[in-house]
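Chain letters run A, B, ... following the sequence lines, proteins first and then strands; every chain starts at 1.
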Protein chains: 2
Amino acid sequence: MSKVKTKPRKASVSADKVAELAGVSRSAVSRAFTDGASVSPETRAKVLAAADQLGYHVNHLARGLLWHRTGIVCLIVAGMQAPFQASIVEIITRRLQAIGKVVMVLNTSGEAEGVEAALRQTLNYRADATVVISGTPPASLVKTCLENGQRVILINRADPIKGPEFISVENRTPALEACLMLKRAGCRRVAVINSTAGTPGLEMREKTFVEAAAEHGLEVSVSRAGPTGYQTGVDSARQVLATSRRPDGVFCVTDLLALGFMDTARLEFRMNIPEDLCVIGFDDIPEAGWLGYELTTFRQPLSEIADHIVAIVEKEDAEPGQPVVLPTQVVWRKTVRP
Amino acid sequence: MSKVKTKPRKASVSADKVAELAGVSRSAVSRAFTDGASVSPETRAKVLAAADQLGYHVNHLARGLLWHRTGIVCLIVAGMQAPFQASIVEIITRRLQAIGKVVMVLNTSGEAEGVEAALRQTLNYRADATVVISGTPPASLVKTCLENGQRVILINRADPIKGPEFISVENRTPALEACLMLKRAGCRRVAVINSTAGTPGLEMREKTFVEAAAEHGLEVSVSRAGPTGYQTGVDSARQVLATSRRPDGVFCVTDLLALGFMDTARLEFRMNIPEDLCVIGFDDIPEAGWLGYELTTFRQPLSEIADHIVAIVEKEDAEPGQPVVLPTQVVWRKTVRP
DNA sequence: TTGTAGGCGTTATCAG
DNA sequence: CTGATAACGCCTACAA
């Protein structure tokens, strides 16, 4: 934790100056900017005018010092540039801003170490709450956050830590459903395309699908060719489709994997989708709806996730509620025969 | 600016408590956490142990009060979920974190009003700097930021405001180059696909391309079917390709437009790319490199943009430097005949 | 309704 | 090397 030493910058205009210019006291200035404080319209007007002239803005940081609430919510995320992560950050920032919060984004490598460092920052800035989208923080640190009155919200994590709030999406039901959809489409040999990430959600989807497939008498294989992303979908397809026993149906635990898989199947193996190969994804990222893909997938309920986050951030008592598990929704498009 | 009234939360552990537990003074605690301060290893160890036991973390907000620097950099952006925006946010957050800054993301609607509100927040939180990726803030407000010692950095904005720092990407050269590339590929009738956004950069690309095309004796048309995005590319293609005088080469001012255009041309108009139609994009978003597209495009130098942002954030003097205009780089893929 | 005094958590300054 | 003290900018009693 190295601190770079630098000279202080020019001070910004404070309430003192405004008070002086307006010919009132510091408190009057404070009150003019506090909702529901008792100020005469006159005084208030004078203060506002002076503030405007000087370019004064209330210092939320100093204010947070007194209130023990900063209005800051931290978002810990890795690989924000990926479509799903980008979408979730987009909607969360928007919703939190709507309730007067401001979002601090901490971009981690996703590794445990990075998440831990990010969570420390969270403490340093006295965030009111922290939302962890990627990675799992150490339980001890989560405890510290909680003790400091900070809410901790874990998204799509099923880790058995006690203390934080959990919001996640169903994994078993859609994985099961995917298997059924492929079977109904007449597929005999299926495959799960996963990544090496080892995220609990992805693992659960894979496991459930494999079990269901076996149970339904489907030949099933698993591929994990690399990190979660388009290229891994490509690599998986190259491996999986090159074998003598090509699958005729695949469940990709992520849309991005599915898109890479589809492109490769079509362009390098000249397969037709869904005639020769059925593909199912997960997430419903915007790209899945593009004309070139029209991927059948499971939609993550981003809006509902955001709703729950907002509710947790706003609630008064710090007691964590029951874990929230949200259902996904099948989005039927054109990569699976009906 | 309504402030919701809420009870203060539980106070978090402060240096006082740590000092008490460690049996030293507040100052000692402070020094233990300050790089290069003179503390005996002993004292330091005691403090650190106590801090760890109590879960103490330095309050950066209180610290910022003294230093007039908070370590916060604000990022004003609209439509973060779009690939290009997501990529730039990703790289900027990463780089700024690397120099010990923390990024606050303000998601605006992109309208002037939203940008203004976002910039006000920036002031409220005493950010060291603000990076505006989307939209143009009012000049007066920028002035206020500057006066408060806050750096203001505008990305891809050519607005004639005085005061902020400008980092942008060349628009004329690539637009010109695009025209030449299409001509060399044997195109006779070309089109520019733009959006209704009216961003200075996009306008410049369109204008330059149109002029160049006319100069080179190419028949040229312009389409602006909606906001910047995939769907607008689709809509443009439906309009432009349905006419009797179909273009055989298009320059899309954004990759996303190009991808929508390509999908529509291929699937709805059964055109082959690049045989029947050459397509050039701009930005080089990850999707442009996907097997299904292999779009020839101009790469925005995200890394260099981030470099300049970091340099500006770190520099001591507040004087704005010369506007920085970065060159783009052609990425030859497969949508233009060589 | 207004002003004054005290404190929030931290660091810089100055004695010791 | 250590501890007391005075800021930083703000809010909230309290008294006027």
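When distances run from any side-chain atom of A/Ser38 to the nucleotides C/dC8, C/dT11, C/dT1, the shortest one goes to C/dT1. For B/Arg31, taking side-chain heavy atoms from C-beta onward, the closest of the listed nucleotides C/dT2, C/dT13, C/dC8 is C/dT13.
Regarding A/Phe33, its CZ atom lies at a distance of 10 Å from the P atom of D/dC10, rounded to whole Å. Whole-Å rounding puts the B/His68 NE2 to C/dT10 P distance at 18 Å. The CG-P distance, from A/Asn148 to C/dG9, rounds to 11 Å in whole Å. One interatomic measurement links the two molecules: OH of A/Tyr125 to C1' of C/dT10, which rounds to 14 Å at whole-angstrom precision. Following rounding to the nearest Å, B/Leu65 (CG) and D/dG9 (P) show an atom-to-atom distance of 7 Å. The nearest whole Å value for the distance from the CG atom in A/Leu66 to the P atom in C/dC8 is 9 Å. Atom CG in A/Asn59 sits roughly 16 Å away from atom P in C/dG9 (whole-Å rounding). Distance B/Arg69 CZ to C/dT11 P: 15 Å, rounded to the nearest Å.
In this model, a donor atom of one side chain and an acceptor atom of the other lie less than 3.5 Å apart for B/Thr43 and B/Ser40. For the residue pair B/Thr93/A/Asn107, the side-chain donor-acceptor check at 3.5 Å is satisfied.
For DNA chain C, no neighbouring residue in residues 13-22 of chain A is found when judged by any heavy atom under 4.0 Å.
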- Message: For a salt bridge (charged side-chain N to carboxylate O under 4.0 Å, His left out) check, start with the C-alpha distance between A/Arg95 and A/Glu90, then their side-chain angles and the critical distance, and finish with the verdict.
- Response: CA-CA 9 Å; A/Arg95 290 291 182 79; A/Glu90 155 84 18; over 6 Å; no

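Using a 4.0 Å heavy-atom distance criterion, A/Ser40 is classed as a sugar-phosphate-only contact. The residue A/Val39 sits close only to the backbone: its heavy atoms come under 4.0 Å of sugar-phosphate atoms, none of a base. Within the 4.0 angstrom heavy-atom criterion, base atoms lie near A/Ser27.
Between B/Arg26 and B/Arg126, the residue anchored nearer the 5' end of DNA chain D, judged by the nucleotide with its closest heavy atom, is B/Arg26.
Salt bridge status for A/Glu42 with A/Lys46: absent, with no side-chain N to carboxylate O gap under 4.0 Å. The residues B/Arg26 and B/Asp16 are annotated as salt-bridged, a charged nitrogen and a carboxylate oxygen being separated by less than 4.0 angstrom. A salt bridge does not link B/Asp128 to B/Arg151: none of the charged nitrogens lies less than 4.0 Å from a carboxylate oxygen.
Between A/Ser30 and D/dC11, a side-chain N or O to OP1/OP2 separation shorter than 4.0 Å is present. At C/dT4, none of the side-chain N or O atoms of A/Ser25 fall inside 4.0 Å of OP1 or OP2 (strictly under the cut-off). Phosphate proximity of C/dT10 to B/Tyr56: present, with a side-chain N or O under 4.0 Å from OP1 or OP2.
No donor-acceptor pair closer than 3.5 Å links the side chain of A/Thr199 to the backbone N or O of A/Gly201.
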